[in-house]
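Everything on this sheet refers to the single structure shown next.
Order of the sequence lines sets the chain letters (A, B, ...), proteins ahead of strands, with each chain counted from 1. Heavy atoms only: backbone and side chains are in, while hydrogens, waters and symmetry mates are out.
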Amino acid sequence: MNIRLKDGSCKEYSEDKAIIDIAYDISEGLARMATAGEVDGKVVDLRTILSHDCELNILTANDEKGLAALRHTTSHVMAEAVKRLYPEAKVAIGPSIDTGFYYDFEHEPFSREDLDSIEKEMKKIIKEGAKIERFELSRQEAIQLMQDKNEPYKVELIQDLPEDEVLSFYEQGGFVDLCAGPHLMSVKSIKAFKLISSSGAYWRGNENNKMLTRIYGTAFGKKDELNEYLVHLEEIKKRDHNKLGREMELFATVDVIGQGLPLLMPKGAMMIQTLQRWIEDEEERRGYMRTKTPLMAKKDLYVISDHWEHYKEGMFVLGDEEKDEEVFALRPMTCPFQYYVYKQKQKSYRDLPCRYGETSTLFRNEDSGEMHGLTRVRQFTISEGHLVVTPEQIEEEFKGCVDLAKYCLSTLGVEADVTYQLSLSDPENMGKYLGNRETWNEVEQMMREILGHIGINYKEETGEAAFYGPKLDIQAKNVYGKEDTMITIQLDMFLAERFDMTYVDKNGEKKRPYIIHRTSIGCYERTLAWLIEKYAGLFPTWLCPEQVRVLPISEKYHDYAQSVLKQLKEEGIKCTVDERGEKIGYKIRESRLDKVPYMLVVGAKEEEENVVSVRSRYLGDEGAKTLATFIADINQEIKTKEIRKIEVE
RNA sequence: GCUGUUAUGGCUCAGUCGGUAGAGCGUCACCUUGGUAAGGUGGAGGUCACGGGUUCGAUUCCCGUUAACAGCUCCA
């Protein structure tokens, strides 16, 4: 057989050969580094015997998939260590993940000290250097083995596997685990690992099941890489919006106000106000009509929209259904309110599309463990909008929404940081949705076509649709790599009927419109959180709550500094004066100006000419300028929302 | 909601095996340096998250509540 290797070269063998032996044949170094093989694009175990012509790629910890194998093996070593130290622990599952690996156990929670001793035991196991053996068992034998070892979770897993599945096991030094692999040849190859944390996790991810104890860890091919990663973990904490946003006094939380109810401090509020004014103006330019609708309504409204049936638990209900004649609820969305704006007058096809926009404050009663900084809150304000359209207008209006969203993203400088997700219904679980399968298929296909015409790359996600229609979700990751929906554009073919919304067509017949639910810049709190992390607090000038700081270099220049401040303020520039600058020299103060884009040093020799010395975050020392020139420059920058390139550490 | 951790001056944290608290940084005042990433001296600032209990006495021990953090689950 002929084996074609990654570098294009070929190896020829007369008999069947295991991948690991081929690796040794190439070089002993490669064999030592090898963690898995990739045969014709499929990741397989190094023990796999090759018997046909194929393309072979030997994976090492330098390959993403090879690293996953290393981490997976590390998780097995961890499980062995746990079983040695705590024989009563029951093992569940232990895969590799993006950042490392985890393993779930039925056991009391582990403390940091426990993790340290498990780490120690793991090092011992690695030093012992057991070989890892793979073997296969029949279903019956497999169940028997795991019953003998008193591992009920493994038995359950085997019972749920398909009848014809090959049941493979891996054994190292007496520790046996049901596992599809692939795994390293020996535990000796694990060079750099660290146990990160421990927490609870439901068996099989179901909250009705028992909560197991999960240990997270990570592993790398080299010690340096591990250390680099651990340093990186510390570094990203510095730009975590939940920490930085509080430090910069953008927001705060208060015990007695409650969870998920952050206070936007003057600086944070100023930033959100800047965004809001900008986006409201832009929407109006694009033909949106602004509405202002109530923050609450009688329950009757939500009964019509079906929220009372589907989402009552998520709403703040005012009053007691049993006792009170009228029960109200704070609004969790704006949809039905804007529908009644539409319904106030009979509409003609000539009135469509009807684009309604509202800067809308919403209330959602999230579970207590879900709140996080500004990204998951109980009250938030969103650039909400609904477009009522005829079937012929769907594509153009949908494109308009995508265009608006992209305009927002590019202006904020984050267009390259998002991914697009088409959130579809789950055909297996149609009870969650309004309408029937045929209509859903039709609308989902329509979405795919529109997205095709726009030409954006997206991935499809089943079961993520809204109950009234599919969504185009624009996703972004936070500093920890966790994904959140920043912007969503949804196509709704059902609610118009529930609310009996109509328009009269050319022939004088009443027709059902379609509705597009959309947001332009998303929810302001979450968007702010995103921007904090994106820019590590070094915002573009137009967004900065403090754009210029004026620094007199000695007391004689205080009056002049104040007059400069006044002129800047008259121009609408957000600025402050720091009269303490002269005390120790402005160079020093500069280190504390790192979040302010411009520093004006006044009191230089040139003050008689209205000349200031400018330092900028972007350009360093810009030297002397007349005040008028500086004001013109910065106003231009703010107006065009220019985002200059800066170094963000 | 679940599992766990945490809660001490503006920030980072120490501490009291129960006798009402400390450090570094920051901040403030003054001195020196007439303005290029300075130094010195002195000061302010905490009912140790909140509510109960045990005790002669609780910041410290116990119970509860609230909030923050990590993860799970959820997210119209």
Quiz item: To the nearest angstrom, how far is A:I382 atom CD1 from B:rC75 atom C1'?
Solution: 13 Å
Quiz item: Below 6.0 angstrom between ring centroids: does that apply to A:F101 and A:Y216?
Solution: no
Exercise. Verify whether the ring centers belonging to A:Y433 and A:F494 lie closer than 6.0 Å.
Key: no
Of all the choices, [options], which nucleotide is nearest to the side chain of [X] once you look at every atom?
| X | options | answer |
| --- | --- | --- |
| A:K471 | B:rG4, B:rA76, B:rC72 | B:rA76 |
| A:H372 | B:rA70, B:rC72, B:rG4 | B:rA70 |
| A:Y468 | B:rA76, B:rA70, B:rU3 | B:rA76 |
| A:Y311 | B:rG71, B:rA68, B:rA76 | B:rA76 |
| A:M315 | B:rA70, B:rU66, B:rA76 | B:rA76 |
| A:Q490 | B:rU3, B:rA76, B:rU73 | B:rA76 |
| A:R364 | B:rA67, B:rA76, B:rU73 | B:rA76 |

Quiz item: Mind checking the C1' distance from B:rG53 to B:rU12? Whole angstroms is fine.
Solution: 34 Å
Quiz item: Using the P atom in both, what is the distance from B:rU20 to B:rC63, to the nearest Å?
Solution: 25 Å
I'd like to know whether [atom1] of [X] has more than 12 heavy-atom contacts from other residues, nucleotides or ligands below 6.0 angstrom.
| X | atom1 | answer |
| --- | --- | --- |
| A:E497 | CD | no |
| A:K343 | NZ | yes |
| A:E108 | CD | no |

Quiz prompt | For RNA chain B, the dot-bracket pattern of Watson-Crick and G-U pairs whose distances stay under 3.5 Å, | for other-strand partners | solution = (((((((..((((.....[..)))).(((((.......))))).....(((((..]....))))))))))))....
Quiz item: Does A:T253 or A:N365 map to a spot on RNA chain B nearer the 5' end, using the closest nucleotide for each?
Solution: A:T253
Quiz item: 5'-most contact on RNA chain B: A:Y216 or A:G369, nearest heavy atom basis?
Solution: A:G369
Exercise. Classify the side chain of A:R376 and the base of B:rC74 as holding, or not holding, a donor-acceptor pair under 3.5 Å.
Key: yes
Quiz item: Looking only at N and O atoms, is any donor in the side chain of A:Y202 or the base of B:rG1 less than 3.5 Å from an acceptor on the other one?
Solution: yes
Practice problem: Ignoring backbone atoms, test whether A:K243 places a side-chain nitrogen or oxygen under 4.0 Å from the OP1 or OP2 oxygen of B:rU12. | Solution: yes
Quiz item: Given B:rA68, is OP1 or OP2 found less than 4.0 Å from the side-chain N or O atoms of A:Q259?
Solution: yes
Quiz prompt | Closest contact, heavy atoms only, A:R437 versus A:P427 | solution = NH1-CA, 3.5 Å
Practice problem: Quick one: list whatever passes salt bridge (Lys or Arg N to Asp or Glu O under 4.0 Å) with A:K210, sequence neighbours left out. | Solution: none
